[in-house]
Amino acid sequence: MKTRSLIVTLGLTITLGGAIAAQQSTLGSLFERYDVKANFAQPPAGQAWGASTTSVAADGKGSVVVMVRAVPYFRVFTTDGAPVKTWGDAGLFNLAHSVHFAPDGSLWATDPNAHVVHKFSADGKLVLTLGKKSVAGDNASRDTFNQPNAL
């Protein structure tokens, strides 16, 4: 029995070791595709950055959106860092937090202090807001789903 468990243990160790090595190789090649550019995404001449960066999202088609905590909240750049446009008026966010691209090209942005998630069209138009600004949720829907036979 000891011999059999030793063989099984060695087999699992070799298999897992090979899988980990393959994963590290894949991750290594993934990280080799990216370059850090210290001066990437500089604002146009004469404009200051003005706030801390909270989130960065790329659409995979050549646009990079940088979200900052000051107006304009969204700064769009090419993958080379050239400025394209800015948008996001005062009052839109209490605390601009994160931005993500959806598969359809729309952008989703969160504001945890105002308790909302905004959806924007690809050209920056507000099309949907989830939640009511400055009103915290009450978990009522979560409680409904936790009840047996609630649906």
Side-chain angles (χ1 to χ4, degrees), residues 12-151:
L12 285 174
T13 302
I14 292 168
T15 302
L16 290 175
I20 291 169
Q23 182 180 16
Q24 288 173 339
S25 174
T26 301
L27 288 175
S29 66
L30 175 68
F31 291 121
E32 290 170 3
R33 297 185 324 188
Y34 298 95
D35 295 322
V36 176
K37 297 179 180 178
N39 293 321
F40 176 80
Q42 296 300 310
Q47 293 183 6
W49 196 252
S52 59
T53 299
T54 63
S55 187
V56 177
D59 68 356
K61 299 174 186 172
S63 293
V64 178
V65 174
V66 178
M67 177 182 252
V68 298
R69 289 197 168 139
V71 173
Y73 297 105
F74 300 93
R75 289 116 193 256
V76 182
F77 298 90
T78 66
T79 54
D80 293 328
V84 175
K85 65 181 176 177
T86 61
W87 51 278
D89 295 332
L92 180 60
F93 291 99
N94 181 309
L95 182 71
H97 184 65
S98 66
V99 63
H100 305 275
F101 276 100
D104 66 357
S106 61
L107 286 149
W108 290 83
T110 63
D111 184 339
N113 282 7
H115 308 287
V116 295
V117 177
H118 297 298
K119 179 183 180 182
F120 300 90
S121 63
D123 61 351
K125 304 282 188 254
L126 181 62
V127 295
L128 174 71
T129 298
L130 300 176
K132 186 173 180 182
K133 197 166 190 174
S134 299
V135 177
D138 63 6
N139 288 330
S141 61
R142 180 194 65 123
D143 293 340
T144 299
F145 287 110
N146 287 333
Q147 299 298 320
N149 302 318
L151 302 176

CG (Asp123) with more than 12 external heavy atoms under 6.0 Å: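 Enclosed: over 12 neighbouring heavy atoms sit under 6.0 Å from CG of Asp123.
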Would you indicate whether the side-chain heavy atoms of [Y] and [X] approach each other to under 4.5 Å?
| X | Y | answer |
| --- | --- | --- |
| Phe74 | Thr86 | no |
| Arg75 | Met67 | no |
| Val71 | Asp89 | no |
| Trp108 | His118 | no |

Rounded to the nearest 0.5 Å, what separation is found between the [atom1] atom of [X] and the [atom2] atom of [Y]?
| X | Y | atom1 | atom2 | value |
| --- | --- | --- | --- | --- |
| Lys119 | Thr129 | NZ | OG1 | 11.5 Å |
| Lys133 | Phe93 | NZ | CZ | 8.5 Å |
| Asp104 | Ser121 | CG | OG | 10.0 Å |
| Leu130 | His115 | CG | NE2 | 14.5 Å |

Heavy-atom donor-acceptor pair, Ser55 side chain to Val99 backbone, under 3.5 Å: yes
Check: Gly137 main-chain N/O paired with Lys132 side-chain donor or acceptor under 3.5 Å: no
Partner of Phe120 by side chain to side chain contact (heavy atoms under 4.5 Å, CB included), out of Val65, Leu128, Val127, Leu92: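 The option that passes is Leu92.
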Closest non-hydrogen atom pair, Gly50 against Ala70: O-CB, 3.8 Å
Minimum heavy-atom distance Thr79-Phe40, with the two atoms named: O-CE1, 3.4 Å
Among Thr54, Thr110, Asp111, side-chain hydrogen bond (donor to acceptor under 3.5 Å, both in side chains) partner for Ser98: Thr110
Plane angle bin for Phe77 and Trp49 - parallel if under 30°, tilted between 30 and 60°, otherwise perpendicular: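 Judged by the thresholds at 30° and 60°, the geometry between Trp49 and Phe77 is parallel.
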Criterion side chain to side chain donor-acceptor pair (under 3.5 Å) on Thr78 and Asp80, from CA distance to verdict: CA-CA 5 Å; Thr78 66; Asp80 293 328; 4.8 Å; no
